[in-house]
Structures are given as C-alpha cells and as structure tokens.
Colleague: 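The structure follows.
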Amino acid sequence: MTFQLFDTATRQIRELVPVHPGHVGIYHCGLTVQGPPHIGHIRKEVVFDVLRRWLERSGYEVTIVANVTDIDDKILSKADEQSRPWFAVAYENERALHAAYEVLGCIPPTYEPRATGHVPEMIEMMQTLIERGHAYVAEDGSGDVYFDVRSWPSYGELSNQKIDDMLPAEDAPPEGKRDARDFALWKGHKDGEPESASWPTPWGRGRPGWHLECSAMAAKYLGDEFDIHGGGLDLRFPHHENELAQSRAAGQAFARYWMHNAMLNLSGSKMSKSVGNSLMVSEVVKRVRPIDLRYYLAASHYRSIVEFSEESLAEAATAFARIEGFVRRAAELVGAGELGEVPEAFAAAMDDDLSVPAALAVLQAKVSEGNTLLAGGDTAVLSATLAEVRTMLDVLGLDPLSPTWDRGGDDAAYAQVIDSLVVGLLEQRQEARATKDFAAADRVRDQLTAAGIEIEDTPQGARWSVKGDT
RNA sequence: GGUGGGUUGGCCGAGAGGCGAGGCAACGGACUGCAAAUCCGUUUACACGGGUUCAAAUCCCGUACCCACCUCCA
C-alpha cells in the first residue's frame, strides 16, 4: 500500500515517492504572528498533524518544518499602535500559536524556524539570484531587492496562470520594479521603522520579504530537494508560486509535491482577520471541549471547504461522544490495552489522499461492532476491537485515553471527590431499585441529572459522567 | 478579465459511469421498573436545461448561484 496525494502543482493524485526512501520531509507555512490563531489557522495544523501521524504509522520517518514569520508590515504597524517593540508582538502571538497546538493535541513540528533567525541564508540566496540574473536591486535607492518574473519562463506554473493575464498589483506604486508583477525578496529599511527591524546586507539595511524566508529555511532544514510543501490554499498564489520560482531559479529542485488544505469559512467567506470573522482558538475551547473541536476540524476532507457553524460543531461533538463512549466503557471493562494495527479499509482510505471521511466510516462500523460486544461478547474480541478503534483514533490524534487530553491539576482532584460522592448516591439508588422503591431511585437520578451528571446503566452496573463530557 | 474548486436527502458529509458511504436528527422495535446509553429497522438525495451511453450524482455542452486566488492572508 502506498500513499497517494493530490498534488496541487500537477492537479492530480500522485503516488508519494520520497527523495530519501523511508523518510518524508515536509515544509508547511506556519503563521505570520501578527495575532493569535483562529480556528481556520488551526485547521491547517490539524490537517498536517494527521498527515504526519499517518505517515509515521505507515513506517516513515517524518521531518516537519513550519516557519514562524516574525517580521512583516502588520507586525510592525501593530507594534507601533501598541507602542511596544515588534518582537513583543511576535513572541506573544507565537506563544498563543504554541498554546493552540497543544490544546488541540498537535505534535509540534520538528523544526520551527523564525524568519529573523535566517537572514544570512536569505542574503546568500539573493546573491545567487542576482548573479544568475533573476533578481535585481531596485534602482530607486530604496534598498529593495526584487525577483525578475520575466527572467523565469515557468513563472505561473504552480497556479496555472500566465503573467500577462495577472492583474498587476495596484496597491504599491511600481517604485524600482522592472515589471509590476516583480515581487520583493527583501525590503529596504524605511524611515520611521524601528532600527531593530533591519539587518545589514551588501545592499544596505532592510528586512526579509515573506516569500524568500520560506525558500531559505526549507532548503536549510530539508535540503535542496524535499518531498511535500504544504499550506493553506490561499497561499498558492502568490506566496508558493514565488517560493517555487525563487528556489528553482537559484538552482534548487525544491518540493516534489504541493499539498493545500481548503479554507474554513464563516458566514460564507474565508475566516480571516481582515474580514473580521475570526473565532480564536483560545475562545472556542472555553465552550467546546478541545477534542470535540479537533474531531470537527479533522472529520472533513482536507480539500473541502468547511462552512463553520455552531450546529455542525455541536453535531460533531455528539458523533464523537458515541465513539468516545465506546472507548471508555470498553476500557473500564477490559483495560485500555495497547495500540495495535489499523483495519485494512481504514489504511486504504488514509492512503487515498488522506480520505478521513471514508476512514471514519470504517471507525464508526468498528464502534458499532464493539458496542455489540460490550453487551455481552467475547472479551478477547472486545480487547482487540478496542485496540483497533484506539489505533485509528490515534492516527487522527483523537484517542480519548491519550494523556494529551488529561487536564490534570485541580480537575483531577475534583474528579476524585465527585466520584466518591456520586458513587455513594448510585449505591443508594441501587438499594432503592432492589426494593422496588422506584420513586426513591428516580429521585436520586433526577438529583444527579439536575447537577449535570448523566447516569448509564450497564450490565456491570451504573456508571456516570458529566453531561457533555462523556 | 484570468485561474482553480464547489452546488448531494430534514441537517452534516463522502463518492466520481452500473452495488442505498458514514454520522446527526426523526420515527418504529429490542433492552430497561421507567429512562438514558446501546443494538436492529425505516426515511432512495445528487442546482437547472440539454446531450453521450445498454446504464449518468459521476462524462460532455450550456445556464444559474456560491467559494478561493490574481493585494496581507492557513
């Protein structure tokens, strides 16, 4: 079984043939840390986290690089508004990003390089591009360095566009550009910008352009040729097109496959800070369990637009509750056990361009089987079923028994206290039921229900859980 | 103007020429003291108009609407 993925560059499903057998190198564009991450940003993290987990389970060693763009126009203007250093804004939001990874159970990237830490690599790359005649220093004395798109015949190959069909950028005056579509590799220092936001180059002080940093860092950590370059679909053009042009023009083979996740929409348009329809991860996890949010984000195919709604999020939580309910009940009965193998149909679905919806159908069917076994089947078979279900969930980063989801601290302590109280009440209820005093039994149940506790009668006796928390 | 993608049952969401994906909700049944949970069953959908084919949700042509990108964006 080999992994197939949809390659945006060729617009077809292709078998993954890594540069180095047994190893997969992935670069995906992280965040420009001008604000905390919203759930659209984290959708991308979940998508690549699932990719990573699946490739690792398939036996590959995976190196993941996700950059942090810690300098750009918006970071500078936000810092200016708040009268803080630009790096204070950048670090604060980088920490918010890490908190979001953690709360949603995303394994951190192998390397997470910051743009400002790779200026020498960028200068070297610009020198190469200038020598080869693909880049030039602006003639207006601004200190900008531009890529010459007319010098690179295949420019537009990734987004399937012809240079002459593109609308030239309207926002900025042509300044020192030879062609309006030329893009900045490096931005010369401007009056009014803090001195700390500029670095010396042979062409004067300035700061990194967005596109160049990714090319430089991908090559540094993954080599001149690597396997998968990913990111949100909105980055295909211009960002990824430009990266591709630069790196190839500098003589590198660059990425073999391009993988783009679709956007998460809210009220019909892409969730983004500029539209003002962002739901921050930190806010959403206050009212939704993180594992439910992850299920919601992971359950759709990564190339499908997700139209966010509270209703579908709630529905996802209900669907996941059935899965989680099985795992917990089974684990109470036969023990958590070890992870094992994944059913073949599940593997086939995942190998088919990460078809999570089809994989989930396999998982749901296993849960049904498991629930039937729970009602009085062979415990050895039940253990095996539980192992399969948990292994599938682990691939999706959704194993409820994983320590990832332990909230620890006070919660754990309170849980013990509550457990002893509830168990005491359940014993009273059981005594009442034994003497057929159902009115008394129901009073206990109503009391617990009113307190937000759900009771489930199983062949092994009553078990309880906090409502909405399984 | 250019480049991609989409429109599937009450809802969410897969599929990409012939077998009713799956989930949620609803209803019926089993189980239960009654419930809940669970299991079983029921509900035949593919924007519209043409065409190709023995056979179309799936391929082709046209129409409408939606999204993304061409400007900072995951």
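Just so it is clear, the model here is predicted, and its values are computed rather than measured. Residue numbers begin at 1 in each chain, while the letters A, B, ... track the order of the sequences.
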Colleague: Taking only the C1' atom of each, what is the distance from U3(B) to C11(B) in whole angstrom?
Modeller: 33 Å
Colleague: Return yes if the base of A37(B) and the side-chain atoms of Asp457(A) contain a donor-acceptor N/O pair under 3.5 Å, otherwise no.
Modeller: no
Colleague: Counting only side-chain N and O atoms of Ser312(A), is one of them less than 4.0 Å from OP1 or OP2 of C24(B)?
Modeller: no
Colleague: Here's a test of your reading of the structure: between Glu307(A) and Ala365(A), which maps to the more 5' nucleotide of RNA chain B?
Modeller: Glu307(A)
Colleague: Nearest whole Å is fine: how far is C69(B) P from Arg236(A) CZ?
Modeller: 11 Å
Colleague: Let's test this: given Watson-Crick or G-U wobble pairing with both distances under 3.5 Å, identify the partner of G62(B).
Modeller: C48(B)
Colleague: What's the closest nucleotide to the Thr372(A) side chain, out of A74(B), C70(B), C39(B)?
Modeller: C39(B)
Colleague: Check whether any side-chain N or O of Lys162(A) sits under 4.0 Å from OP1 or OP2 of C70(B), and answer yes or no.
Modeller: no
Colleague: Rounding to the closest angstrom, what is the interatomic distance between A21(B) and C34(B) at atom P?
Modeller: 37 Å
Colleague: Taking the same atom, C1', in A30(B) and in A37(B), what whole-Å distance lies between them?
Modeller: 14 Å
Colleague: Can you tell me how far C1' in G9(B) sits from the matching atom in G20(B), rounded to whole Å?
Modeller: 12 Å
Colleague: Examine C39(B): is either OP1 or OP2 under 4.0 Å from a nitrogen or oxygen in the side chain of Asn371(A)? Give yes or no.
Modeller: yes
Colleague: Could you please name the partner base of U32(B), counting Watson-Crick and G-U wobble pairs only when both distances are under 3.5 Å?
Modeller: none
Colleague: Testing Gln460(A), Glu324(A), Glu456(A) one by one against Arg329(A) for a side chain to side chain donor-acceptor pair (under 3.5 Å), which residue passes?
Modeller: Glu456(A)
Colleague: Take atom P in U38(B) and the same atom in G6(B), then report the distance between them in whole Å.
Modeller: 35 Å
Colleague: Within the supplied structure, the quantity of interest is the number of heavy atoms (other residues, nucleotides, ligands) at a distance under 6.0 Å from Tyr91(A) OH; does it exceed 12?
Modeller: no
Colleague: With both distances kept under 3.5 Å, what pairs with G1(B), Watson-Crick or G-U wobble?
Modeller: C70(B)
Colleague: Could you tell me how far U8(B) sits from C46(B) if I compare only their P atoms? Round to whole Å.
Modeller: 10 Å
Colleague: Mind checking the C1' distance from U52(B) to U43(B)? Whole angstroms is fine.
Modeller: 34 Å
Colleague: A45(B) and U71(B): how far apart are their P atoms, nearest whole angstrom?
Modeller: 45 Å
Colleague: Tell which nucleotide pairs with G41(B), taking only Watson-Crick or G-U wobble pairs whose two distances are both under 3.5 angstrom.
Modeller: C27(B)
Colleague: If you go through the side-chain atoms of Asp164(A), does one of them form a donor-acceptor pair with the base of G2(B) closer than 3.5 Å?
Modeller: no
Colleague: Are there over 12 heavy-atom neighbours, none belonging to Tyr111(A), within less than 6.0 Å of that residue's OH?
Modeller: no
Colleague: Below 3.5 Å, does any donor atom in the side chain of Gln161(A) face an acceptor in the base of G2(B), or the other way round?
Modeller: yes
Colleague: With a 4.0 Å cut-off, would you call Asp399(A) and Arg390(A) a salt bridge?
Modeller: yes
Colleague: Quick one: does Glu315(A) reach the base of G23(B) with a side-chain donor-acceptor pair under 3.5 Å?
Modeller: yes
Colleague: So for atom CD, which belongs to Gln82(A), do other residues, nucleotides or ligands contribute more than 12 heavy atoms lying within a distance under 6.0 Å?
Modeller: yes
Colleague: May I ask you to verify if any side-chain N or O of Arg322(A) is less than 4.0 angstrom from the OP1 or OP2 atom of C39(B)?
Modeller: yes
Colleague: Can you confirm whether or not the ring centre of His240(A) sits under 6.0 Å from the ring centre of His211(A)?
Modeller: no
Colleague: Does Asn160(A) make a side-chain N or O approach to OP1 or OP2 of G4(B) shorter than 4.0 Å?
Modeller: yes
Colleague: C39(B), OP1 or OP2 - any side-chain N/O from Ser368(A) closer than 4.0 Å?
Modeller: yes
Colleague: Taking the side chain of Arg445(A) as its heavy atoms from C-beta onward, which of A74(B), C69(B), C34(B) lies nearest to it?
Modeller: C34(B)
Colleague: Of the candidate nucleotides U3(B), A14(B), A74(B), which contains the atom at the shortest distance from the side chain of Leu235(A)?
Modeller: A74(B)
Colleague: Does the separation of the ring centres of His229(A) and His28(A) fall below 6.0 angstrom?
Modeller: no
